[in-house]
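The structure under discussion appears below in the form of structure tokens.
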Amino acid sequence: MWLSYRNSNSRDVKNKAEGEVVRLIGWIFTKREHPEKIFINMRDRYGYIQLVASKETLKEKFENVKEANVESAIAVEGVVKYDKRAPGGVEIHLTDFKVVAPADIWPVTLSALKSPEFMFDKRHLTIRGPRSRAVLLIRSALIQSAFEYFTKNDYVMINAPTFITSAVEGGATLFELKYFGDKAYLTQSAQFYEEAAICVFEKVFVIQPSFRAEKSRTRKHLTEFWHIEAEVAFAEHNDIMRVEEELLSYIVSRLNELVGEEIKYIRGGLLKEFTPPFEKISYDEAIEILQKKGVEIEWGEDFGADEERALSEEFEEPFFVTGYPVEIRSFYHMPDPDRPEVTLSSDLMAPGGFGEITSGGQRIHDYNTLLNKIKKMGLDPSEYEWYLEIRRYGMPPHSGFGMGVERVLRWLLDLPHIRDATLFPRTPSRLYP
RNA sequence: GCCGCCGUAGCUCAGCUGGUAGAGCACCGGGCUGUUAACCCGGGGGUCCUCGGUUCGAGUCCGAGCGGCGGCGCCA
């Protein structure tokens, strides 16, 4: 009933002529009261529009406007009026006003915005604010853009299971749960399942959550995050870096088209667009750069937060660090045939001190090589039985990567914390709401 | 897991060397012919995180616990 009552919306009224009668549905965002007039900023899915209620035209219904609290759901009818004094230059002079669902006194005040604890305890309400609204719209567009990129390039979307039995990354970071009589874990990555699927579809991708039981108190970690992962058969390390740089460039330019208004609202201007290929430096070069900057790091050590920051400060566009040492990468990474101490792997770094946004590389596709590697790293081959077995039946060289949705979003929008990049964030200290 | 900071009204915070609490925002009432986080005047509102200790007396001092925030390690 109410959906069909609506014949315009906050965005669409700008296309209407002065004097046209429109019916809108939405929520009261803010309200300013005077004796004869009340100004309402109404919010709907499309944005914001100012409503003007005047005692003269609304008569006894003016009282209803007076009594309606902020965040009441309303249905209104009114006349389109262009006026310089209205935000956005257009407003609706009400001829009818109904409360569809009343609201209690809204607890989210201006000072509440300063309290992360309050804002996330009341996340189910605070997401209605203009900032969360914009970020979540951009997030939706980001996932849409990634989906577009992959499907335009002949990838097949697969859906990997969430319950798993063995670790893709380090075993210590798995969430354990009861699975009837057995132990199961929540997935950290769809990678292994993608590797099985490339022998059907050659190019596959997933967009789904990954779980990591890392007690990370940082602004770049969630325990549940959305993962964009791709895996490509017959592809070598350089091929997958090409995919990553194309994907990121596509996402950025598409976001500017799809949600430019929201992006401007959050960061004051459109996103800087990039063109592949990105700069690529080797792990060895990265170590040199860091040592020259006076950072204490030796070849063979992994980058910590300080190192990632120092390194990425040296760049103004995203760049790859390639060829990480075998010791600091997971067991499945392909050693470089010309230099067995390093892997055919890379991380894509965001510039300006931000650091890692994707991680990827070529996988070991030979059965015996992988088996030996698993044993050498002290892992139990029986836990990787099916993963090994796919290598006995025509597994070509292949490569893949994973990109964190919230991390990319946080970087692009310069958000203070990764929890701002998701609807209901999950961190070690937050499981509610 | 480690290091640091914090916990007083619905929210943000003040409260000096111990004498049972205050401001702004929000809310309610009144005023105001167009506001943009409206403005002006008035009002109500508090187990001072919990437990224990010191003291005639604890929001304030001491101890423990719980919760949150920031950073490190780990990663996307």
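Values in this document were obtained by computation on a predicted structure and should not be read as measured data. So you know, we letter chains A, B, ... as the sequences are listed, proteins then strands, and number each from 1.
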How would you label the contact of [X] with the nucleic acid (heavy atoms, under 4.0 Å): base, sugar-phosphate, or nothing?
X        : value
A/Phe118 : sugar-phosphate
A/Ser216 : base
A/Glu117 : sugar-phosphate
A/Leu222 : base
A/His417 : sugar-phosphate
A/Arg131 : nothing
A/Glu33  : base
A/His227 : sugar-phosphate
A/Glu308 : base
A/Gln50  : base
A/Glu91  : base
A/Lys215 : base
A/Ser210 : nothing

Which word best sums up how the rings of A/Tyr250 and A/Tyr149 line up, parallel for under 30°, tilted for 30 to 60°, or perpendicular for over 60°?
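Tilted.
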
Considering only B/C69, B/C75, B/C72, which nucleotide approaches the side chain of A/Arg419 most closely?
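Comparing B/C69, B/C75, B/C72 against the side chain of A/Arg419, the answer is B/C69.
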
With respect to the side chain of A/Ser429, which nucleotide from B/C75, B/C27, B/C69 is positioned closest?
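Shortest atom-to-atom distance from the side chain points to B/C69.
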
Can you tell me the distance, in whole Å, between the [atom1] atom of [X] and the [atom2] atom of [N]?
X        : N     : atom1 : atom2 : result
A/Glu56  : B/G34 : CD    : P     : 15 Å
A/Lys66  : B/G31 : NZ    : P     : 8 Å
A/Glu71  : B/A26 : CD    : P     : 16 Å
A/Met349 : B/A76 : CE    : C1'   : 11 Å
A/Asp121 : B/G68 : CG    : P     : 9 Å

Measuring from atom CD of A/Glu71 to atom CD1 of A/Ile105, what distance do you get when rounded to the nearest 0.5 angstrom?
13.5 Å

Between A/Asp284 and A/Arg339 (salt bridge meaning N to carboxylate O under 4.0 Å), is one present in this structure?
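Counted as a salt bridge, because a side-chain N and a carboxylate O are separated by less than 4.0 Å.
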
Along RNA chain B (nearest heavy atom to each residue), the more 5'-positioned of A/Asp302 and A/Leu113
A/Leu113

Between A/Arg329 and A/Thr427, which residue's closest nucleotide on RNA chain B lies nearer the 5′ terminus?
A/Thr427

When rounded to the nearest Å, what value does the distance between [atom1] atoms of [N] and [M] take?
N     : M     : atom1 : result
B/C39 : B/C32 : C1'   : 8 Å
B/C69 : B/U60 : P     : 24 Å
B/G68 : B/C11 : P     : 16 Å

Donor-acceptor side-chain pairing of A/Thr109 and A/Ser111 below 3.5 angstrom:
yes

Which nucleotide, if any, forms a Watson-Crick or G-U wobble pair with [N], using both distances under 3.5 Å?
N     : answer
B/G63 : B/C51
B/G29 : B/C41
B/U12 : B/A23
B/G1  : B/C72

Evaluate whether atom NZ of A/Lys122 has more than 12 neighbouring non-hydrogen atoms of other residues, nucleotides or ligands under 6.0 angstrom away.
no

Least distance between heavy atoms, A/Arg212 atom then A/Ser189 atom:
NH2-CB, 4.3 Å

